[in-house]
Asks: 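Take this structure first; my questions come after.
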There are 2 protein chains.
Amino acid sequence: MDAATCLLMEGGPTAVTVDAVVARSGVAKSTMYRHWATRDELVAAMFTHLVPSFEVPAEGLGFEDSLRALVGSVVQHMSGEQFRKTVPALLMLKTRHQEIAEVEEQLHAQQQSVFDEVFRRGEVEGRVPATVDRELLLTLLVGPLMMAMMFESVPLGDELVERTVAQFLAGLAVASE
Amino acid sequence: MDAATCLLMEGGPTAVTVDAVVARSGVAKSTMYRHWATRDELVAAMFTHLVPSFEVPAEGLGFEDSLRALVGSVVQHMSGEQFRKTVPALLMLKTRHQEIAEVEEQLHAQQQSVFDEVFRRGEVEGRVPATVDRELLLTLLVGPLMMAMMFESVPLGDELVERTVAQFLAGLAVASE
DNA sequence: ACAGTACGAGACGGTACCGTACTGTTTATG
DNA sequence: CATAAACAGTACGGTACCGTCTCGTACTGT
């Protein structure tokens, strides 16, 4: 599994061949096929193994602090080599392989649920309207971070976090008028 | 070239093989290698051929109208099958192939310059501070659209355009205080 | 001691693909 | 009209990969 992940980061999905994984891991090919019936299953399992999980910020925090903490941890994940090199592959493969799409859906659902909790805290404080679509909110909030990561045009740092959160909050204020 | 594009959209970058392009296009393999010395050159040329160009909104429009028009046209591009199926591949390949990275850079530069013109109109109207990094602005503005396209969690429609632009403008107002 | 199981190592057939070489045919150009 | 360039078609060697298969080995529970 680790060998497969290394190969994915070095050469992309096409570099994750059965032979290459066997060569790098020291595992026999027969053992590989004992666990995964086909190469596609191996690749899907690899992405499942890679999916990170975001954590809900501490209970006591208010809406804005929760938001900053969560966005900060997302940016930290995005700064990691593993995230940066695997997410583009995941997003490309999900358009064609249903198994990969399901893995991506799982990642997305986990992310959505964590942000939903933060949005709920905002709703309690009267900052987030109850009627707004939460998926839209997630998109508006995380989109800039995603773009910064994919295009590498803006450094993934504190300034980006601050500006992104500030813009999101400003957008919320306008929307609830 | 058209055949290669079809193959890319159907089966991803790995489906764009020399043999497949030859079979679909009716062109001889010798002719292919007369134009592109290697398969990688063909793929790079294909992406170059695919790069769309955004247009600057009409001269007379004010800042907000220009913004809405441009964001609307971006969303329209993103709704197209061609964009949706090729951009993920482009973003994945650019992390490993320098030729592809240059194509992506070209796309990004073109997009940036068009938006810069709109930001300039905003600066004239006193809505956009002159000191803010324009790449950051582009990221904050287009990021949500990119995310909506890649994750397909929010429909690419007028509502998204409206909310995205509204949030961006609200963020601008806060930043210039 | 013995059967059952998971494993390492690797050979093998079959396929897909790349890039080259060669043969005619069409097209353009002086 | 002659000659060169561009082309279609195709065969070929070499390589990489997938998935199957066999064989020998270590470990485990009875």
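When reading the values below, keep in mind they use all heavy atoms of this one structure, side chains included, and skip hydrogens, waters and symmetry mates. Within every chain, numbering begins at 1; the chains are lettered A, B, ... in the order of the sequence lines, protein sequences first and strands thereafter. Bear in mind the structure is a predicted one, so any value in this text is a computation, not a measurement.
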Asks: Can you figure out which of D/dC18, D/dG9, C/dA9 approaches the side chain of A/Ala28 most closely?
Replies: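 When the side chain of A/Ala28 is considered, C/dA9 is the closest of D/dC18, D/dG9, C/dA9.
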Asks: Are B/Leu61 and B/Phe168 connected in a single hydrophobic cluster, I mean Ile/Leu/Val/Met/Phe/Trp/Tyr linked by side-chain heavy atoms less than 4.5 Å apart?
Replies: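 Different clusters: B/Phe168 never reaches B/Leu61 through Ile, Leu, Val, Met, Phe, Trp or Tyr contacts under 4.5 Å.
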Asks: Between D/dG9, C/dG8, D/dT20, which nucleotide gets closest to the side-chain atoms of A/Tyr33?
Replies: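 Nearest to the side-chain atoms of A/Tyr33, counting from C-beta on, is D/dT20.
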Asks: Who does C/dT15 pair with, Watson-Crick or G-U, both distances under 3.5 Å?
Replies: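 Looking at the geometry, C/dT15 pairs with D/dA16.
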Asks: Rounded to whole angstrom units, what separation is found between the CG atom of B/Asp40 and the P atom of C/dC17?
Replies: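 Whole-Å distance recorded here is 15 Å.
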Asks: For D/dG9, give the paired nucleotide (Watson-Crick: N1-N3 plus N6-O4 or O6-N4; G-U: N1-O2 and O6-N3; both under 3.5 Å), or none.
Replies: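 Answer to the pairing question: C/dC22, which forms a Watson-Crick or G-U pair with D/dG9.
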Asks: What's the CE-P distance between A/Met32 and C/dA6, to the nearest Å?
Replies: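 Spelled out: CE on A/Met32 to P on C/dA6 is 17 Å.
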Asks: Measuring to OP1 and OP2 of D/dA6, would you say a side-chain N or O of B/His35 lies under 4.0 angstrom away?
Replies: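 No, no such contact exists.
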Asks: Between B/Leu107 and B/Phe47, does the side chain to side chain contact (heavy atoms under 4.5 Å, CB included) criterion hold? Intermediate values first, please.
Replies: CA-CA 10 Å; B/Leu107 165 62; B/Phe47 278 107; over 6 Å; no
Asks: From the list C/dA9, D/dC18, D/dA11, which nucleotide is the closest neighbour of the side chain of B/Lys29?
Replies: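 Side chain of B/Lys29 sits closest to D/dA11.
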Asks: Where the side chain of B/Arg34 is defined as all heavy atoms beyond and including C-beta, which of D/dC18, D/dC7, C/dC18 is the nearest nucleotide?
Replies: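 Per side-chain heavy atoms of B/Arg34, the pick is D/dC7.
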Asks: For B/Asp19 and D/dT15, give me the distance from atom CG to atom P, rounded to whole Å.
Replies: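 One finds 18 Å between P of D/dT15 and CG of B/Asp19, rounded.
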Asks: Which heavy atom of A/Leu70 sits nearest to which heavy atom of A/Val118, and what is that distance?
Replies: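 Result for this residue pair: CD2-CG2, 3.7 Å.
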Asks: Do A/Gln110 and A/Gln106 have side-chain atoms, one donor and one acceptor, less than 3.5 Å apart?
Replies: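 Per modelled atom types, A/Gln110 and A/Gln106 side chains form no pair under 3.5 Å.
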Asks: OP1, OP2 of D/dA8 versus side-chain N and O of B/Ser30: anything below 4.0 Å?
Replies: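 So the side-chain polar atoms of B/Ser30 never come under 4.0 Å of the phosphate oxygens OP1 or OP2 of D/dA8.
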Asks: From D/dC18, D/dA11, C/dC17, pick the nucleotide closest to the side chain of A/Arg39?
Replies: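 When the side chain of A/Arg39 is considered, D/dC18 is the closest of D/dC18, D/dA11, C/dC17.
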